[in-house]
Amino acid sequence: MSDFDTWMGHALSEAAKAPYHDDVPVGAVVVGPDGTVLAARHNERELTGDPTAHAEVLALRDAAAALGTWRLDGCTLVVTLEPCPMCAGAALAARIAHVVFGAADAKAGACGSLYNLATDPRLHHEMRVSSGTRANEAAFALRHFFARRR
């Protein structure tokens with residue numbers, strides 16, 4: 001099993017917590033350059049009433065607090081669903097080196113599906129992107145969540 005698979009396992013575990021408060025099951029972890037998980041969060045928009053409480057943003061905030069700096073140079077963001085424009089922008093602003101995601105998001109993905117902010121040379125920073133890590137598991141969690149809501 002690769003490090004990506006292991007880290008995605010942490011993100012999937014986080015995602016599983018979100019439906020308990022009616023949030024979409026998306027989980028994210030930030031991994032430091034040495035492979036240590038610095039932060040792990042899940043969506044909390046419904047829980048907090050905060051439109052920016054996406055798993056990625058919350059994990060980036062926690063990682064910055066853990067490191068004592070907003071610059072997350074050399075860190076990897078691992079997320080179950082392809083980041084949206086807000087989350088991709090936050091990862092760029094944090095200087096994330098690498099984004100690893102599971103399920104692609106054709107409707108809002110900003111790391112290759114709909115947009116590609118991660119590698120846009122016009123921006124001040126670029127991130128490496130790896131997609132499809134444990135994608136079936138991530139997509140299943142999302143499909144199951146929305147099927148139950150219908």
Side-chain angles (χ1 to χ4, degrees), residues 1-21 23-45 47-48 50 52-106 108-145:
M1 184 177 276
S2 75
D3 288 342
F4 290 176
D5 289 333
T6 300
W7 297 334
M8 187 61 74
H10 292 294
L12 287 163
S13 293
E14 274 298 314
K17 298 174 186 178
Y20 288 104
H21 43 79
D23 273 291
V24 176
V26 176
V29 298
V30 176
V31 180
D34 65 353
T36 302
V37 174
L38 300 172
R41 296 294 292 268
H42 59 275
N43 276 357
E44 295 184 5
R45 290 188 311 168
L47 179 67
T48 63
D50 178 354
T52 69
H54 289 204
E56 301 95 295
V57 170
L58 298 173
L60 291 168
R61 288 177 185 163
D62 287 356
L67 293 176
T69 180
W70 63 267
R71 289 179 180 88
L72 303 181
D73 296 313
C75 292
T76 299
L77 174 64
V78 180
V79 60
T80 58
L81 180 65
E82 180 180 0
C84 71
M86 176 183 70
C87 294
L92 284 164
R95 307 299 196 267
I96 287 290
H98 192 182
V99 174
V100 176
F101 68 85
D105 186 350
C111 289
S113 291
L114 183 61
Y115 305 106
N116 198 348
L117 296 179
T119 61
D120 189 327
R122 297 170 295 178
L123 299 174
H124 59 69
H125 178 69
E126 291 185 33
M127 303 178 291
R128 199 166 86 232
V129 175
S130 299
S131 61
T133 302
R134 298 178 70 170
N136 290 338
E137 293 170 76
F140 176 80
L142 291 161
R143 280 193 309 272
H144 181 68
F145 174 79

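Under the 4.0 Å criterion applied to side-chain N and carboxylate O atoms, Arg45 and Asp50 are not assigned as salt-bridge partners. The existence of a salt bridge linking Arg71 and Asp73 is excluded, since no basic side-chain nitrogen approaches an acidic carboxylate oxygen closer than 4.0 Å.
Enclosure of atom CG in Asp34 by more than 12 non-hydrogen atoms of other residues, nucleotides or ligands within 6.0 angstrom is indicated. Counting non-hydrogen atoms of other residues, nucleotides and ligands closer than 6.0 Å to CZ of Phe145 gives a total above 12.
Interatomic distance, Cys87 SG to Leu117 CG, rounded to the nearest 0.5 Å: 11.0 Å. The distance from atom CG of Leu58 to atom OG1 of Thr52, rounded to the nearest 0.5 Å, is 7.0 Å.
Remark: side-chain polar atoms of Thr80 are paired, donor with acceptor, to backbone N or O of Gly27 under 3.5 angstrom.
For the pair Asp62/Arg41, a side-chain contact is recorded, criterion being any heavy-atom separation below 4.5 Å from C-beta on. Residues Leu72 and Arg95 are not in side-chain contact: their nearest non-hydrogen atoms beyond the backbone lie 4.5 Å or more apart. Between Thr133 and Asp5 there is a side-chain heavy-atom pair separated by less than 4.5 Å. A 4.5 Å side-chain heavy-atom check between Phe4 and Arg134 finds every atom pair outside the cut-off. Side chains of Met127 and Thr119 form no contact here, defined as non-hydrogen atoms less than 4.5 Å apart. Side-chain contact between Phe101 and Leu81 is absent, with no heavy-atom pair separated by less than 4.5 Å.
The heavy-atom pair separating Val24 from Asn43 by the smallest distance is O-ND2, 3.2 Å. For the pair Ala63 and Ala39, the tightest heavy-atom approach, listed with the atom from each and the gap, is N-CB, 3.6 Å. Cys75 and Gly32 get closest at one heavy-atom pair: SG-CA, 3.9 Å. The two atoms that bring Val129 and Cys111 nearest to each other are CG1-O, 3.7 Å, heavy atoms only. The two residues Glu56 and Cys84 make their nearest non-hydrogen contact at OE2-N, 4.3 Å. Taking each heavy atom of Ala15 and Pro19 in turn, the nearest pair found is O-CD, 3.3 Å.
Qualifying side-chain contact (heavy atoms from CB on, under 4.5 Å) partners for Leu47, counting only residues two or more places apart in sequence or in other chains: His21, Asp23, Glu44. Applying the ring-ring contact (aromatic ring centres under 6.0 Å, His included) rule to Phe140 yields the partners His144; only residues at least two apart in sequence or on another chain are considered.
Just one residue in the list Asp3, Val79, Val78 forms a side chain to side chain contact (heavy atoms under 4.5 Å, CB included) with Met8, and that residue is Val78. When each of Leu67, Thr76, Leu60, Val31 is paired with Leu38, the side chain to side chain contact (heavy atoms under 4.5 Å, CB included) condition holds for Leu67 and for no other.
Checking Glu82 against Ser113 by side-chain atom types alone, a donor-acceptor pair falls below 3.5 Å.
For Tyr20 and His42, the ring centers are positioned 6.0 Å apart or more.
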